[in-house]
Structure formats: structure tokens, C-alpha cells
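Worksheet: one structure, shown below.
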Protein chains: 2
Amino acid sequence: MAQFINAKENLVTEAIDGLLAAAGGALSRLDGYPHIKVVCRADWDKSRVALISGGGSGHEPAHAGFVGPGMLTAAVCGEVFASPSVDAVLAGILAVTGEAGCLLIVKNYTGDRLNFGLAAERARALGRKVEMVVVDDDIALPDLPQPRGVAGTLFVHKVAGAQAEQGKDLATVTAAAKQVIGKIVSIGMSLDTCTIPGSPKEERIAAGKAELGLGIHGEPGVQQVAFVDARSAVTMVTERLAPHLTGGTAVALVNNLGSTTPLEMSVLTHALTETGAIGHIIGPAAMMTSLDMHGFSISVLEADAAEQDALAAPVPMAAWPGLHQVVPVPVMPMPDGLTPIAPIASHNDRARGTIEKVADLLIAAEPKLNELDAKSGDGDTGATLATAARALKGGLDRMPLADLTQLFPALGNELSQTMGGSSGVILAIFFNATGDACANGASIHAALQEGLARVSEVGGAQVGDRTMIDALSPALTALPDGITAAAKAARQGADHTAHIHRAKAGRAAYVPEENLKGHNDPGAEAVALLFEGLAREMAEG
Amino acid sequence: MAQFINAKENLVTEAIDGLLAAAGGALSRLDGYPHIKVVCRADWDKSRVALISGGGSGHEPAHAGFVGPGMLTAAVCGEVFASPSVDAVLAGILAVTGEAGCLLIVKNYTGDRLNFGLAAERARALGRKVEMVVVDDDIALPDLPQPRGVAGTLFVHKVAGAQAEQGKDLATVTAAAKQVIGKIVSIGMSLDTCTIPGSPKEERIAAGKAELGLGIHGEPGVQQVAFVDARSAVTMVTERLAPHLTGGTAVALVNNLGSTTPLEMSVLTHALTETGAIGHIIGPAAMMTSLDMHGFSISVLEADAAEQDALAAPVPMAAWPGLHQVVPVPVMPMPDGLTPIAPIASHNDRARGTIEKVADLLIAAEPKLNELDAKSGDGDTGATLATAARALKGGLDRMPLADLTQLFPALGNELSQTMGGSSGVILAIFFNATGDACANGASIHAALQEGLARVSEVGGAQVGDRTMIDALSPALTALPDGITAAAKAARQGADHTAHIHRAKAGRAAYVPEENLKGHNDPGAEAVALLFEGLAREMAEG
């Protein structure tokens, strides 16, 4: 599977340099590439206890993303899924450890324990005060001899980090870390394996299955289970966690293992909070990933008051999502005004006559407009307009015919309901904006221009884009000179659309040029036929 | 492809409720489920201009994740990749708009334009002051009539949001939004299509190919290109962006389209910053996703000073990664002390004699230890120890034999180099810690106990775990009573390991119980043989 990397051997160093370049100078690294990859706080003055963590890469943002005030002082990065060397860890220790000493926070994997452990010995031999704690939060196997260190490690970084930031001494920080480690429990579930750069993907998890109790290095989960849905996934996970909890204030760290979408993570979070077992939450977010694994993990710490404070302390690193209390979903009542108040019907023979005439013209034009539309679309422009016209005629008794400021919006709402689709919404916008302008004191002509401007703004079409605007715009411009002038302008505009072979808006934008040549846009034609009909009517009347 | 969802029809509402439950009370929603899905600031008092955005779901954290002080007042959410209805947008407008009015920020997709546009008209008819801007930042096609709105929309949210937060009036906020929209350019690239919930995945992109110039709704990219590596991907993208830039201060928004790993995003960021074309960066982060698309997009805004300030203003939402200046990667010199200072060789016949005797004992034990190891491992314990022993004998002339505080660490370093693997590191830790204790004034016996304690701490093994500790620990405990007592205790401990069928640490933890029955752990046996040999030697000598 292709990935956005260059040479595999430079993957981790390039990624670290990308992180540093985008960190605005907050992060630095040791000059030890390629073997020694240590990311440090650039502002570090060694005045307090240093916190150092790390391990194999592939778990980003852990660990380098959590280097900063209030969390880690340095992260020692190995290659993907491989522990950093003793020399790399020692370099990290020597670079950031002052008189106050340092605490190494190590995930329980043999390589990490040994390399960090020996580096600690060497640093001690050089006179540094070094403590080391090992995080073993994974509860996948009830009596696993060496539980793995997984995402719960973040709890340790944050609690110890807050203590160190406050200037607590090494013994106090170490004791706080150990207290947290003694209480964290974590378990993960995944629907797919991860893709190790440069290796073919292992297709281990069959369709309909999920793996429960997995680590963060692509190793198989403790069991394969049938996957039903998000809720049952959360139930399986929380049932494994529950026996380890004692009823204290449960803080859940909801971790995206890699490629789970934010939508899925939020659905899982919803299922988790619905259980009622969680008091506070960190995430959902990608914190301790396993490359692109499509899975999640939940870690729980029953935090005392001091630990809650430490977890809640703000830090500037974007990778830390913060601690939030789980609250019942706050729901606001719907606002008034959504249901349009039915306008009070009123009589006006001239308005009724005009609308009836317009409707009849559109009904009569149905075959012609359908035929035109069939050349570049699905051939239903005539039918859509005729159906709307019939509905309009049938609804005239409900219309506020005597009040134009009410009549225009009412027409718009009627059209948007009967026509549906984009055309209905566009006409609704046209008539609503026209009515709005009337209500603000504009003349009918000016109000219609206002309506057109709004349609153009919302729909994104201008004159020349092969839409109904090509006829409507010149018609409205000419309207002060009379309906006959408007009709003539509309006809010219409509006929010109036959020469526009490149539609820039509306559905015709997706039609090949060849299909647009030599015939009018059906929307523009409808407008022209309307104005021509009205002009004839007035000449005759 | 399985996903962590429940019923598809509840996907978006459950995800929103998950987001809200984890937001600590900062977010609220309207009581309009399932059709009306509007997320609002819970603390909103309508005293300033409201900013409303939204559109189809599937782009999380956009848009609901950016609701909060300094960005959006409300997000109107449709179903996955489907515009919200006019009623939903109108409900959002009416819920949050006060005297100061509101600005709708709409991505340029027909459905969104029309539904937001008509809702704006309706709200105006109800007396609300409403402005609307349409973001069209996609430059995939040079002369696309209707460029799509994609991740650059975040620039508009942030700049307009900062202005609104400061209490600027609607005209000012709208003008600021329009100025930003006029300058943003965006383009994306992907290695794979996205998975629409409930639909089979479209396998459109062949191996070795990438799509360039894609939208965020799964539509095909403008062209398929050969994919080489991350650097060439960034080059293709920046070459498309360059003609649109005028040389101002370029702020790049580096967006993860879904399932690209943080490692890959950092590699891409590294390649981007290496071009030298970027002054500031937002991300890399998932901001405007397209479900689980394995791709990225880069949006660029040439920001003036006021826009830079607005982009840099802190906001509390975790989804916003902040703005950082692009800096040369800060590199710190490597610390001193990494290269162990070679100890000064010195003479001591007793120490030399003891080491030679121990080495000879281990060399003699090679076949027996190999044979034991073969029963539960790969049969090389004897060979590994014998090789190390030979190297040790060969290096005695370089050893600080007269100074125990130097000799112990020197032995440890020699063993870790010649043995390799876990055993070498463990012995190095043992001897380094022993030497450290000696240097601190401990007796040899106490120092050896200290070494054992450290090995136990780092390696995670206790007595009873079927390791060399089962022999070493009782031997050291008995040592004050003499070497013969120690040898007896070591033998008892080693022989007891034959009855430990469940290893809790070391490699044997992964061996089936059956294979452990009835024979000693080779590490413990080696210790017992050592002490027995030394005891014999002393009795004879």
C-alpha cells in the first residue's frame, strides 16, 4: 500500500523535522541523526525535574507531540516499532537533566525497558539523578505476566508533567507517576491491522470480525470477536475494564489508534458516555496510535482530586485534547419562526389575472421546454414548470393577492414546495428577496432587480453563464421602458444562449460543449416565452 | 468495510451527541433531531455578530468541532455528504442571531449555496440581519466555473471569528471574510478513495497512482498521476498553488483528509517547509476531512498583518491546531559523556584470577547450558555465555582490575558489547548498578544486592519467574555465610526452576508450559554452576 513517505530509512528523521519545523521554535532536537533521535523542549533550563519518555516510532503524536511545558521534557524516538538505543536514551538524559534529576517513563516492552534501564545506569554512573517507571496498563489478558504499556501512558505523562512543572522534587514526581501507573487500565479493539511502512499489509482480521485486546505494534489481539456495531464494541471493552475499577471518579482517555474517522470516534464516545460509568473524558483524539490501525482504545484512571487537577491543567501542545467533564447533552429549544405563518388570503383581480396568465403560458410551453431540455439535460424543465404552474393556480384562493410584500414570499414558498430541487429553491430565493425589497419600500421594478441580484449571488451565475439569468437580467433592465421592450430584451437574451457553449453554472456546466450548441437554454427560453406572452396579452388587452 | 457505527440513520446524531458529551458543557444543540442538527456555543449571548457554517457531515472536525469562542457560533450539520435543509439552516440562524446579525460561511457546493441562501432570505423576512459568503478555494481546475469550497474555509472561520469575537460589526466581519476568500487557494491529493458508511468502497485509484485535485465528497480528482513519494507529491501540489501566489506572507494550512498517519503528515510537512515558500503553518492536522480518505490538502492564504493576528489568536477548541511560524529546525549539540571514558587498566591478581575462573566455568558449561536451553528455547545460552567469557578473558589487560568501582561497570560494558541482545543489556545493568553502589560506599555484598534489585526492576522479573534470578537471589542472600552456603542456595534455586511451569518474564514467558516441565532454567543453571565452581575452587585453594 502506497504511503506518503520518501525513503523508509529517513522516515522518522523527516517526520521529526517536519514536526519541529511546524512547532514554531518550541521544540528542538539533538544533533545525533540518524541514530540518535531526541526531541527536547527548546525553552528548557534544567531548573526542574525532567520527564523523558519515548520508544519506537509509529505511535504519533506520542511521544514527541507531547514534549512541552506541563508534559514531557524530551522524547527519545526509535525507528518504527523499534526501541531507541541505549546511547540515544543516554543522550536524551544527559541533554535535559540538571540538578533536580529526571524521571524516565517507559512503556512495558522488553526492548524499551532494557535500553532505558541501561541508559539510566550509565547516567547514574555519570552522577545524574535518574528514576524510571514502567507503565503496564494493558489488561487484555487478565493474568498477563508482563502487561504492555499502551495509551494509558498519557495519564502518566500528564500527571507527572504537571507535578514537575510545579517544581516538585524527583521523589514526589516519581511517587505521583507510580500511583497513577498502579491505577490505569487500558484495552483496545480494531477492525483492521496496521500497515508497516515498506511491508505488505497482513490481512489477519476477516470481514465481520474485530480484534479485542491488542497492543500498539501490530501484534494480534488476544481474541477475535464478532463485530456487530459501535455500541457492542464499547460494551465489550467496558466489560473488560469494569472488574478493575473500584467506583472512584473515572477519567476515560479515548484514543484513536490511527485511521478511525472522527465520526466513528464520536459515535464510540457517545456509546461510552451513555454507559454512565465515566466522569471525565480526554479525547476522543489520536494520542497513542499504531500507524494506520482502524481501531480505538479506552484507558481509565480513577483519579483523586490532585490527579484530576493535574490532568485538567492546560498545556500548549495541540496534541493534548484536554480534560472535560462528561455532561448530559445540553439541548436548546427550537427557535420560534420556523413554521411560516400562513399569509391571510386577500383579493386583487389584477394580481390574480397576471398570475393566471403566467401559469397558463408556462403550461402551454411544457412540450417546447421539455424538448429543449432533452438536448442538454433530462428533458423535464417544461414538466417541472407546468406542474408548479398548475399548483399555483389551484392555490390562488389561499394567496395574499392584495399585498405584494406578502404575495412575493408566498409565491416563493409555494414554488419551493411544489417544484423541489434546485430550481424551486432558486425561484423561492428570487421571490423572497423581491418581497423583502418591497417590504423595505422598493418599487416593484427595483424589488425584482434585488431578487435577481440575490439569485445571482446565491446561485453563482452571471449573465453569459447560460442560465435563465441571460433572459431575466436584460428583461428587468428594459422593463422601465415597458413590457414590450422587456419581452424583446428577454428574447434576445434567450436566443443568445444558443451561442454559449460553455455553461458556467447550473446543471449544464456538467454537459459536454457539443450538446449545448445551437439551441437555447430552457430556463432562459421559459423567461422569454413568459415576457412575450405577457406583452401580447397587454397589447391585446 | 466494517466501521464503528450503529444504525446508519443515527450516525450523525450519535456523533454530534458524542461530541457534545465530551465538550464539557461548552456546546449545545437544538432540539430538532433527526432533521435539524444544529450545534451552538452553549455560552452564546447574541451580543455580537454570529458566525454560522456547516454543510454535509463526513468532514469532521469541521464544522461542529470549530464551534466556540473566536470561531463559529453555530454549525448546521447535514447527513454524510448531504447539505442540511433550509429549515435546519433557518433554525440555526434564528437560534443564535441577535441585533448584531449573522454571517453565513458556505462552501461552494450547489446544495449548500441554495439551502443556506434560501434560509438567509427567510431569516431576513423575519427581520434578521443576515450576510452570506461563499468559499471557493479549490484550484484543481484552472478555469473551473464554480471552484469548490474545501479546507481553506477554515481560514475564513478563523479570521472572521476573531473579528466577531472582538465585537466588530456585520459589515466589517463580512468584508474581512470576503477579503480572505479572495485570496485562499487549496488543492488536495489522495492515494485512496474514502469509504462512505453503508456503501461498498469504490476502488478507483490503481496501485502506483494518486489523484490530484480532488474534492471532499469522494468525487474523482481532476487527474490521476503517478505517485512516486511524499516529496514529489508536495512538489505537484505546490506547483499548482504557486501561480496563484503573489509573494506575500504565505500561511499554509496542512490538512489530513482522513486516514493519513501523523508520520506521513509530518513527512509531507517537512517536504513543504523545505521548499522555503511558507512563512507560517497551521497543522498538520485533520481539520476538513473526507471521511477516511488517505490524502492531504494544502491551502494557502497570503495573510496581511491583521489576518495573521486573527489566525494567531488562541481559541479553546482542541480541533484548531494553532498558527506557528515556520522556523529552521533548531538543533542542539550532543551532550558530553556519551562515549565512555576508557578506564585506566590496573593490576590485581585476585580479581584477575576470579574473573578467569568464572570465565572458564562458563566456557566449560557451554554444552550443558545449550542442551538445557534447547528444551525451551533456541539452544544458544551456553554459546552466548561462552563467547562472552572468552572475550572477557581476552580483554583482562585493558581492565581496571584494582578498582572495583571501575571494574564492575567495565565488565558490564564489555558484556553488553560482546553478548548483544537482552541478556547482554541485563548483565550490563547488573554490573553498572553494582559498580554505582560500590562507588557510593556499599560493601561488595550490598552492592551485588543493589545490582540484582535494579535488574529485577528493569527486567520485571522476581524470584519464582523462572529466570537466573531464581538462583542469583538466594545465592546473594546466603553469601554472608560464605561461598559454600551461597553455592548451595544457588543450586536449590536453580533446581526449583524445573518445577516452575509458567514463566512470567524473559523469553520463556512465550513458551508453552509443557516445554518447561522437568528441567532447569538455563540462566539459573548457569548461576548455580558458577557459584558451585567458585566454592569448589575456594575449598581446593
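Every chain is numbered from 1 and lettered A, B, ... according to where its sequence line falls, protein lines coming before strand lines. All values below come from the heavy atoms of this structure, side chains included, with hydrogens, waters and symmetry mates left out. This one's a predicted model, so the numbers in the text were calculated from it and none came from an experiment.
- Of all the heavy atoms in A/Gly117 and B/Ile429, the pair that sits closest is C-CD1, 3.9 Å.
- Proximity to chain A (any heavy atom under 4.5 Å) is restricted, for B/Asp436, to the side chain, taken from C-beta onward.
- No part of B/Pro409 comes within reach of chain A, as not one of its non-hydrogen atoms sits under 4.5 angstrom from that chain.
- If you measure heavy-atom distances from A/Asp136 to chain B, you find no contacts under 4.5 Å at all.
- With a threshold of 4.5 angstrom between heavy atoms, B/Ala23 approaches chain A through N, CA, C or O but not through any side-chain atom.
- The parts of A/Ile5 that come within reach of chain B are both its backbone and its side chain, each placing non-hydrogen atoms under 4.5 angstrom from that chain.
- The two residues B/Arg113 and B/Met132 come nearest to each other via the heavy atoms O-CE, 3.5 Å.
- Heavy-atom distances place the side chain of A/Ile281, and not its backbone, under 4.5 Å from chain B.
- At least one donor-acceptor pair closer than 3.5 Å links the side chain of A/Thr273 to the backbone N or O of A/His270.
- In terms of heavy-atom pairs under 4.5 Å with chain B, the best-connected choice from A/Ser259, A/Ala7, A/Ala285, A/Ala271 is A/Ser259.
- With a 4.5 Å cut-off on non-hydrogen atoms, A/Ala207 does not touch chain B at all.
- The greatest number of non-hydrogen atom pairs below 4.5 Å with chain A, out of B/Asp192, B/Asp87, B/Leu11, is found for B/Leu11.
- Both the backbone and the side chain of A/Ala91 have a heavy atom closer than 4.5 Å to some heavy atom of chain B.
- Your options are A/Ile282, A/Val267, A/Thr269, and the one with the most heavy-atom pairs under 4.5 Å with chain B is A/Val267.
- The aromatic rings of A/Phe431 and A/Phe408 lie parallel to each other, with less than 30° between the two planes, well short of the 60° mark.
- With hydrogens and angles disregarded, no donor-acceptor distance shorter than 3.5 Å links the side chain of A/Arg122 to the backbone of A/Ala120.
- Each of A/Leu20, A/Val329, A/Thr261 has some count of heavy-atom pairs under 4.5 Å with chain B, and the biggest count is that of A/Val329.
- The minimum heavy-atom distance linking A/Gly451 with A/Thr434 is given by the pair CA-OG1, 3.6 Å.
- In plain terms, the two heavy atoms of A/Ala318 and B/Pro321 that are nearest each other are CB-O, 3.9 Å.
- Contacts of B/Cys40 with chain A are made by side-chain atoms alone, with heavy-atom separations under 4.5 Å and no backbone atom involved.
- If you tally non-hydrogen atom pairs under 4.5 Å between each of B/Phe116, B/Phe227, B/Trp320 and chain A, the highest count goes to B/Phe227.
- If you measure heavy-atom distances from A/Ala42 to chain B, you find no contacts under 4.5 Å at all.
- Proximity to chain A (any heavy atom under 4.5 Å) is shown, for B/Ala2, by both the backbone and the side chain.
- Side chain of B/Asn115 to main chain of B/Gly111: a donor-acceptor pair is present (N/O by atom type, distance under 3.5 Å, no hydrogens or angles).
- In this structure, chain A has no heavy atom under 4.5 Å from any part of B/His59.
- Remark: B/Glu14 engages A/Arg231 in a salt bridge, criterion side-chain N to carboxylate O under 4.0 Å.
- Of the atoms belonging to B/Asp336, it is backbone heavy atoms, and not side-chain ones, that fall under 4.5 Å from chain A.
- Heavy atoms of B/Met189 lying under 4.5 Å from chain A belong to its backbone as well as its side chain.
- In this structure, no portion of B/Val234 lies under 4.5 Å from any heavy atom of chain A.
- Taken to the nearest 0.5 Å, the CD atom of A/Glu264 stands 10.5 Å off from the CD atom of B/Glu60.
- Taking the side chain as every heavy atom from C-beta outward, A/Met265 and A/Leu268 approach each other to under 4.5 Å.
- No other option in B/Ala125, B/Ala22, B/Ala95 has as many heavy-atom pairs under 4.5 Å with chain A as B/Ala22.
- Pairing each heavy atom of B/Asn256 with each of B/Thr260, the nearest pair is ND2-O, 2.7 Å.
- In this structure a side-chain-to-backbone donor-acceptor pair under 3.5 Å is missing from A/Ser57 to A/Val12.
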Q.
Quick one, A/Val331 with B/Leu30, criterion side-chain contact (heavy atoms from CB on, under 4.5 Å). Give me CA distance, side-chain angles, the key distance, then yes/no.
A. CA-CA 6 Å; A/Val331 177; B/Leu30 289 185; over 6 Å; no
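- Between A/Arg29 and B/Met332 the shortest side-chain heavy-atom distance does not fall below 4.5 Å.
- Ranked by heavy-atom pairs shorter than 4.5 Å toward chain A, the options B/Glu274, B/Gln325, B/Arg454 are led by B/Arg454.
- Each of A/Asn6, A/Asp229, A/Val254 has some count of heavy-atom pairs under 4.5 Å with chain B, and the biggest count is that of A/Asn6.
- Of the atoms belonging to B/Glu457, heavy atoms from both backbone and side chain fall under 4.5 Å from chain A.
- In this structure, the portions of B/Leu191 lying under 4.5 Å from any heavy atom of chain A include both its backbone and its side chain.
- When all heavy atoms of B/Ala428 and B/Gly412 are compared, the closest pair comes out as CB-O, 3.4 Å.
- Among A/Asn432, A/Asn10, A/Ile426, A/Leu114, the residue making the largest number of heavy-atom pairs under 4.5 Å with chain B is A/Leu114.
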Q) Is there a side chain to side chain donor-acceptor pair (under 3.5 Å) between B/Gln3 and A/His294 once you walk through the steps? A) CA-CA 9 Å; B/Gln3 294 182 307; A/His294 184 185; 5.8 Å; no
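- At a 4.5 Å heavy-atom cutoff, the contact between B/Ile36 and chain A is made by side-chain atoms alone.
- Of the listed residues (B/Asp17, B/Thr13, B/Asp292), the one with the most heavy-atom contacts under 4.5 Å to chain A is B/Asp17.
- Listed options B/Pro197, B/Gly208, B/Gly65, B/Pro262 were ranked by heavy-atom pairs under 4.5 angstrom with chain A; first place goes to B/Pro262.
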